[in-house]
Number of protein chains: 2
Amino acid sequence: MKTINLTTQRQAVYDVVREAEDHPTAADVMNRLVERGHSFAYGTVYNSLRYLTEKEMIRELKLGEAASRYDARTDDHQHIVCEICGKVGEVMTPMPEEWMTRVAEETGYEVHEAHIVVEGVCAECRTKRKK
Amino acid sequence: MKTINLTTQRQAVYDVVREAEDHPTAADVMNRLVERGHSFAYGTVYNSLRYLTEKEMIRELKLGEAASRYDARTDDHQHIVCEICGKVGEVMTPMPEEWMTRVAEETGYEVHEAHIVVEGVCAECRTKRKK
DNA sequence: AATAGATTTATACTTATTCTAAATTGAAAT
DNA sequence: ATTTCAATTTAGAATAAGTATAAATCTATT
């Protein structure tokens with residue numbers, strides 16, 4: 001049930017996401033594949049990203065922009081976006097378990113996970129702003 | 001600077017959102033306007049929703065679906081989505097200040113706010129599932 | 001080598017939203 | 001009351017992200 005079939009295309013898409021320093025969108029991934037000499041169909045990139053997400057080799061991030069971003073870190077963490085330059089950072093500080101429990105009590109839902117997007121201003125933009 | 005110009009259209013859009021029991025999308029708002037006998041241009045509904053959001057009379061919610069939803073509650077709160085039926089509930093339990101502070105320390109960002117979407121299963125769907 | 005299932009490709013389509021240019025409205029000045 | 005000007009609305013075109021489709025290709029197994 002967890003057999004993974006990594007075709008050339010899927011492997012190449014995975015490599016791009018894994019080696020990215022940022023959180024690329026599907027379009028970013030497409031561009032980087034071209035830079036590396038590949039030329040896959042647009043749909044194949046989307047299919048591969050979906051496949052890799054389903055196999056939990058990467059994560060799909062919805063940070064409130066139009067396009068999803070992808071992240072090769074699959075351990076539990078959240079994200080922070082700079083309101084000025086858009087830079088996305090990782091947030092490793094875990095959500096207190098107690099908050100989740102309280103939310104379950106409050107809402108009557110069985111709580112599975114929380115997706116958090118923090119907004120703020122990154123160090124660089126803060127420095128620039130001071131001038 | 002905070003003069004608010006509520007045209008007929010904007011007022012009608014505001015009324016729909018304010019009187020909604022759920023969190024309507026732009027398309028939902030459009031439909032409800034028609035039910036009430038209005039027939040505004042599609043673009044006007046989007047413009048009005050944007051205007052009302054800018055004036056902070058409503059909030060735009062990005063819950064990870066394709067379409068934004070709108071909420072007339074502008075006080076600080078979060079949302080929880082049922083993975084099965086999609087029902088959206090309000091989460092009033094506040095995120096501990098301490099978590100925000102820790103995130104600021106960790107990331108070096110100046111933290112403004114956190115958008116949280118909790119995923120889980122609502123009471124109704126849980127009951128149905130048991131059978 | 002033949003077959004079948006999975007995958008890729010190219011392209012068409014869908015959905016949500018924004019843009020544009022012309023028409024309309026409404027308030028202020030004559 | 002009429003002119004004027006900016007803001008707004010309208011209808012429809014345009015865009016962006018992603019999905020669907022059908023034919024072609026690849027890959028593993030007989």
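Chain letters run A, B, ... following the sequence lines, proteins first and then strands; every chain starts at 1.
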Chemist: On DNA chain C, check which nucleotide each of B/Ala27 and A/Gly43 is closest to and give me the residue with the more 5' one.
Modeler: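 Upstream on the strand: A/Gly43.
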
Chemist: Within less than 4.0 Å of OP1 or OP2 of C/dT8, is there a side-chain N or O belonging to A/Thr7?
Modeler: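 So the side chain of A/Thr7 is within the cut-off, an N or O lying under 4.0 Å from OP1 or OP2 of C/dT8.
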
Chemist: Using a cut-off of 4.0 Å on non-hydrogen atoms, how would the nucleic acid contact of B/Phe40 be classed: base, sugar-phosphate, or nothing?
Modeler: sugar-phosphate

Chemist: Whether A/Arg50 and A/Glu54 form a salt bridge (side-chain N of Lys/Arg under 4.0 Å from carboxylate O of Asp/Glu) is what I want to check.
Modeler: no

Chemist: Between P on D/dT8 and CD1 on B/Ile4, what's the gap in Å once rounded to a whole number?
Modeler: 12 Å

Chemist: Nearest to the side chain of A/Tyr42 - C/dT17, D/dG18, D/dT9?
Modeler: D/dG18

Chemist: Of the options D/dT8, C/dA10, D/dG18, whose atoms approach the side-chain atoms of A/Ala67 most closely?
Modeler: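 Selected nucleotide: D/dG18.
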
Chemist: Between OG of B/Ser48 and CD of B/Gln9, what distance do you get to the nearest 0.5 Å?
Modeler: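 So the gap between those two atoms works out to 6.5 Å.
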
Chemist: By nearest atom, which of the nucleotides D/dT9, C/dT7, C/dT18 is closest to the B/Asn47 side chain?
Modeler: D/dT9

Chemist: For D/dT10, take OP1 and OP2 only and decide whether either is under 4.0 Å from a side-chain N or O of B/Gln9.
Modeler: yes

Chemist: Take atom CE of B/Met30 and atom C1' of C/dA16, then tell me their distance rounded to the nearest Å.
Modeler: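 Roughly 14 Å, once rounded to whole Å.
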
Chemist: Within the structure, does a side-chain N or O atom of A/Tyr46 lie under 4.0 Å from either OP1 or OP2 of D/dT19?
Modeler: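 For D/dT19, OP1/OP2 do not have a side-chain N/O of A/Tyr46 under 4.0 Å.
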
Chemist: Starting at CZ of A/Arg10 and ending at P of C/dT9, how long is that distance when rounded to a whole Å?
Modeler: 11 Å

Chemist: Using 0.5 Å steps for rounding, measure from the NZ atom of A/Lys55 to the OG1 atom of A/Thr74.
Modeler: 15.0 Å

Chemist: Please give, in whole Å, the distance from C/dA16 C1' to A/Glu65 CD?
Modeler: 16 Å

Chemist: Tell me whether the side-chain N/O atoms of B/Asn5 come closer than 4.0 Å to OP1 or OP2 in D/dT8.
Modeler: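 For D/dT8, OP1/OP2 do have a side-chain N/O of B/Asn5 under 4.0 Å.
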
Chemist: Decide whether A/Ile116 and B/Val118 are clustered together by the hydrophobic rule: side chain heavy atoms of Ile, Leu, Val, Met, Phe, Trp, Tyr closer than 4.5 Å, transitively.
Modeler: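 Yes, it is one cluster - the side chains of A/Ile116 and B/Val118 are joined through contacts under 4.5 Å.
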
Chemist: To the nearest Å, how far apart are A/Tyr51 OH and C/dT7 P?
Modeler: 6 Å

Chemist: How close or far is atom C1' of D/dT8 from atom CZ of B/Arg50, stated in whole angstroms?
Modeler: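 Result: 13 Å.
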
Chemist: Would you compute the distance between atom NE2 of B/His23 and atom CG of B/Leu63 and round it to the nearest 0.5 angstrom?
Modeler: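 These two atoms lie 7.5 Å from each other.
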
Chemist: D/dA17 C1' sits how many Å from A/Lys62 NZ, rounded?
Modeler: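 Going from NZ in A/Lys62 over to C1' in D/dA17 covers 11 Å.
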
Chemist: When you check the phosphate oxygens OP1 and OP2 of D/dG18, does a side-chain N or O of A/Ser68 lie under 4.0 Å from one of them?
Modeler: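 Yes, such a contact exists.
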
Chemist: Nearest whole Å is fine: how far is C/dA16 P from B/Glu60 CD?
Modeler: 14 Å

